[in-house]
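All residue numbers in this chain count up from 1 along the given sequence. What you see is a predicted model; the values in this text were computed from it and never measured. In each ligand, atom 1 is the first atom listed, and ligand 1 is the first ligand listed.
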Amino acid sequence: MIGSFTFENLPCRVVFGSGTLGSARAEVERLGGKRALVLTTPQQEAQGKSLGSALGPLYAGIFANATMHTPVDVTERALAAMKACEADCVVSLGGGSTTGLGKALALRTGINQLCIPTTYAGSEMTPIVGQTENGLKTTVRDAAILPETVIYDVDLTLTLPASLAATSGINAIAHAVEALYARDSNPVTSLMAEEGIRALARALPAIAAQTDDREARTEALYGAWLCGVCLGTVGMALHHKLCHTLGGTFDLPHAETHTIVLPHALAYNAPAVPDAMARISRAIGAADASQGLFELAKRLGAKTALRDIGMPEGGIDKAADLAVTNAYWNPRPLERGAIRDLIARAWAGEPPAFNKAAA
Ligand code: NAD
């Protein structure tokens with residue numbers, strides 16, 4: 001049954017396909033840009049420079065030091081580079097870290113962004129940026145942060161190693177999973193969520209089997225876009241809060257943390273969200289949504305234990321304390337004992353707790 005809801009469409013132009021990078025110059029012109037600063041990580045600098053050549057007279061320079069978790073000192077250096085080359089727009093080419101830097105610059109200057117994502121993180125679809133200073137990560141939501149234009153080019157994702165495609169893809173699935181039981185969920189976002197999960201759950205095993213499977217890469221990028229829209233449109237809950245806490249406190253890698261925690265966070269919420277569980281099960285083709293997501297991660301060869309990505313065992317209690325310290329909305333009330341249990345299972349790499357109520 002459809003009840004009352006509010007749905008806000010975020011204003012972002014999307015160009016999707018193969019070879020779409022070729023439209024970057026026209027898209028910068030469309031934004032009224034005359035001098036574009038290209039942003040990349042050090043690993044993608046060469047790719048950024050070749051994009052610069054394609055931009056021709058619109059290319060103002062490159063800043064190739066984008067860093068995970070958007071450290072404020074890196075943003076300040078990028079701001080200085082922007083001023084030095086008199087840039088009037090930025091073109092971010094890369095994963096969530098590079099997108100984050102473009103967003104941090106837009107937040108400070110109002111500059112237009114053309115974003116060209118090369119992972120499945122989904123950040124390009126959200127008006128949110130998480131920034132780190134003195135070891136603390138804080139999140140800002142502001143309309144100025146949302147990129148004006150996004151070019152999805154499947155060709156750029158072909159170089160994403162299968163292992164990164166797997167964890168980045170499950171990171172995207174996590175946005176859609178929590179969108180299905182968000183406090184402000186709505187039928188349109190839920191449609192995108194279910195379709196996004198379905199597309200990624202089908203594409204990721206095919207990519208793992210054959211990394212240059214173009215059809216699967218296309219479907220995965222399409223799914224990642226839909227999941228990114230979910231993240232930008234509705235509020236997240238326990239899973240995202242836990243990953244934020246774990247990543248920030250123990251300096252854990254972003255996408256891998258999401259991949260490990262998701263089945264456990266979902267199993268925790270399962271009794272409170274039977275409709276979401278049914279839709280996720282249908283989308284991934286599994287009898288139980290959380291067990292199915294755990295199996296998917298294993299099948300993709302992803303790590304399934306927080307201890308294997310650097311979390312100390314002594315951190316389990318600290319994480320459980322932090323998870324219930326700052327109250328936030330979640331479909332199932334936050335119970336420290338049960339949350340500690342889910343973190344302990346995720347730490348050890350055990351399957352998620354099986355929930356009879358959800359079966
Ligand atoms: P990333 O951007 O850190 O990329 C990981 C590495 O992969 C980098 O070295 C990058 O250069 C490389 N890489 C990227 N694309 C590649 C490709 N196609 N081929 C080969 N190598 C490639 O990782 P990520 O998971 O995309 O992003 C994580 C960051 O994004 C975190 O800081 C996270 O907080 C942020 N994020 C923010 C939001 C938001 O809405 N604000 C959403 C999701 C993620």
Checklist outcome for this item: Near Thr41 (heavy-atom distance under 4.0 Å), the atoms of ligand 1 are 10 (C), 11 (O)

Next on the checklist: Distance under 4.0 Å to a non-hydrogen atom of Gly95: what atoms of ligand 1 satisfy this?
Outcome noted: 2 (O), 26 (O)

Next on the checklist: Using a 4.0 Å cutoff against the non-hydrogen atoms of Gly96, which atoms of ligand 1 qualify?
Outcome noted: 2 (O), 24 (P), 26 (O), 27 (O), 29 (C), 30 (O)

Next on the checklist: Any side-chain to backbone donor/acceptor pair from Asn269 onto Asn330? Under 3.5 Å, distance only.
Outcome noted: no

Item to check | Pairing of Arg217 and Asp212 as salt bridge, 4.0 angstrom limit | outcome: no

Next on the checklist: Salt bridge or not between Lys103 and Asp142? Use side-chain N to carboxylate O under 4.0 Å.
Outcome noted: no

Next on the checklist: Give me the nearest non-hydrogen protein atom to atom 40 (O) of ligand 1 as residue plus atom name, then the distance to 0.1 Å.
Outcome noted: Thr126 OG1, 2.7 Å

Checklist entry - In ligand 1, which numbered atoms sit nearer than 4.0 Å to a non-hydrogen atom of Ile128? => result 39 (C), 40 (O), 41 (N)

Item to check | Among Gly232, Ser97, Gly122, closest by any non-hydrogen atom to atom 2 (O) of ligand 1 | outcome: Ser97

Checklist entry - Would you say ligand 1 has an N or O under 3.5 Å from any N or O of Thr119? => result yes

Checklist entry - Leu231 heavy atoms, cut-off 4.0 Å: which ligand 1 atoms fall inside? => result 40 (O), 42 (C)

Checklist entry - Protein heavy atom under 4.0 angstrom of atom 7 (O) of ligand 1, is there one? => result yes

Checklist entry - Judging by distance only, is a nitrogen or oxygen of Thr118 under 3.5 angstrom from one on ligand 1? => result yes

Checklist entry - Under 4.5 Å between side-chain heavy atoms, hopping through other hydrophobics if needed: is there a path connecting Tyr328 to Tyr268? => result yes

Checklist entry - Nearest protein heavy atom to atom 44 (C) of ligand 1, by residue and atom, and its distance? => result His254 NE2, 3.5 Å

Next on the checklist: Within the 4.0 Å heavy-atom shell around Lys103, which atoms of ligand 1 are there?
Outcome noted: 39 (C), 40 (O), 41 (N)

Checklist entry - Can we say Lys49 and Glu45 salt-bridge, meaning some charged N sits less than 4.0 Å from an Asp/Glu carboxylate O? => result yes

Checklist entry - What residue and atom, counting heavy atoms only, is the protein's closest point to atom 43 (C) of ligand 1, and at what distance? => result Ala121 O, 3.4 Å

Next on the checklist: Any carboxylate oxygen within less than 4.0 angstrom of a Lys/Arg side-chain nitrogen, looking at Glu219 and Arg198?
Outcome noted: yes

Next on the checklist: The test is ring pair (Phe, Tyr, Trp, His ring centres under 6.0 Å); show your working for His258 and His240 and say whether it passes.
Outcome noted: CA-CA 8 Å; His258 272 266; His240 281 74; 5.1 Å; yes

Next on the checklist: Within the 4.0 Å heavy-atom shell around Leu164, which atoms of ligand 1 are there?
Outcome noted: 7 (O)

